[in-house]
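A quick write-up on the structure given underneath.
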Amino acid sequence: MDAKIDIRALRKTFKSLPVVDGIDLAVAPGEFVAIVGPSGCGKSTLMKLLAGFEHPDSGAVAIDGVPVTRPSPNAIVISQHGSVFPWLTVRENLMFGLSGKDDAVKRATADHYAEVVGLKGFEKAHPHELSGGMLKRVEIARALAVKPDILLMDEPFSALDALTGLKMRNELLRILREERHTVILITHDVEEALYLADRVVVLSPRPTTIRSVFAVAQPHPRKVSEPALQEMKDAILTQLGL
Ligand SMILES: Nc1ncnc2c1ncn2[C@@H]1O[C@H](COP(=O)(O)OP(=O)(O)O)[C@@H](O)[C@H]1O
Ligand SMILES: [Mg+2]
């Protein structure tokens, strides 16, 4: 099958600081790839290269065979830092990124995705009236509403408390069952990676490159406490030097 995302010999240096040192990875359509790596190794830089926010010094990223040169509505980034507009309601935030002129259509799409992420009844609320977990839901809904092929998630759940994080991961899996997005998730949480992903890519310290790739074949819902997954977790932590 042709790759949805094809990363070839990707390199990036900031001034004299080499950050990404030759990454090759092909992600299949509908695949969920988690990327783990030490803090500061270049994960967010890699994500920015995939999203077209940064340009590589050499190598390339292609989506559906087309080189990425700038941000595209086909690949939406959900980052650790919230990007919800505080002056807009939930509905207005969800409508913001939608193209087209028909407000009624946009509103229906916005309300549909508010419901999908469990925010029904909060369409008219402003961000300051919502909890951290609800704000994260707004962000995910806003990303889903534009129907991107690809979700690029950079530590999206790291600011949430453990219980809310757990709920959000299950929500994400449920949504992905219905709308088959291709997902790249950056996380520092190895258990989160093993709970969600089809493959876990382990990065080296900066300048980063791929140290190893683990395929996770277990069906969902998974129990990370299961011996096979615990073994994989230990192997990944060893790769991370822990
Ligand atoms: N725009 C930039 N200009 C200069 N250095 C940067 C820039 N972005 C990131 N860096 C540097 O690149 C390295 C990797 O950063 P980052 O990709 O954010 O790491 P991670 O997400 O893995 O923690 C860090 O040393 C950081 O200071
Ligand atoms: Mg980062």
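Just follow the structure's listing: the first ligand is 1, and inside any ligand the first atom is 1. Every value quoted in this text rests on a predicted model; they were computed, and no experiment measured them.
- Residues L185 and L152 have side chains not in contact (no heavy-atom distance under 4.5 Å, counting atoms from C-beta outward).
- Between E31 and I184 there is no side-chain heavy-atom pair separated by less than 4.5 Å.
- In terms of protein heavy-atom proximity, atom 25 (O) of ligand 1 is nearest to L17 CD2, 3.6 Å.
- Within the 4.5 Å cutoff, side-chain heavy atoms of L135 are placed close to those of P127.
- Those atoms of ligand 1 that come under 4.0 Å of a heavy atom in G40, given as number and element, are 13 (C), 14 (C), 19 (O), 20 (P), 22 (O), 23 (O).
- No side-chain heavy atom of V33 sits under 4.5 Å from any side-chain heavy atom of V183.
- At the top of the distance list for atom 18 (O) of ligand 1, counting protein heavy atoms only, stands S44 CB, 3.6 Å.
- Residue-to-ligand polar distances place G42 within reach of ligand 1: an N/O pair is separated by less than 3.5 Å.
- Rounding to the nearest 0.5 Å places CZ of R137 at 10.0 Å from CZ of F122.
- When hydrogens are left out, the protein atom nearest atom 1 (N) of ligand 1 is F14 CE2, 3.5 Å; that is the closest non-hydrogen contact.
- Between S204 and T209 the shortest side-chain heavy-atom distance falls below 4.5 Å.
- At a distance under 4.0 Å, a protein heavy atom can be found next to atom 7 (C) of ligand 1.
- Between the Mg ion (ligand 2) and T45 there is no N/O/S contact shorter than 2.8 Å.
- For atom 12 (O) of ligand 1, the nearest protein heavy atom (residue, atom name, distance) is V19 CG2, 3.4 Å.
- Put simply, the side chain of R91 never gets that close to the backbone of A114: no donor and acceptor are under 3.5 Å apart.
- The protein heavy-atom contact nearest to atom 17 (O) of ligand 1 is T45 OG1, 2.6 Å.
- Proximity of G37 to ligand 1 is not established, as no heavy-atom distance is less than 4.0 Å.
- The shortest N/O to N/O separation between K48 and ligand 1 does not fall below 3.5 Å.
- At distances below 3.5 Å, not a single donor-acceptor pair connects side-chain atoms of T164 with backbone N or O atoms of L160.
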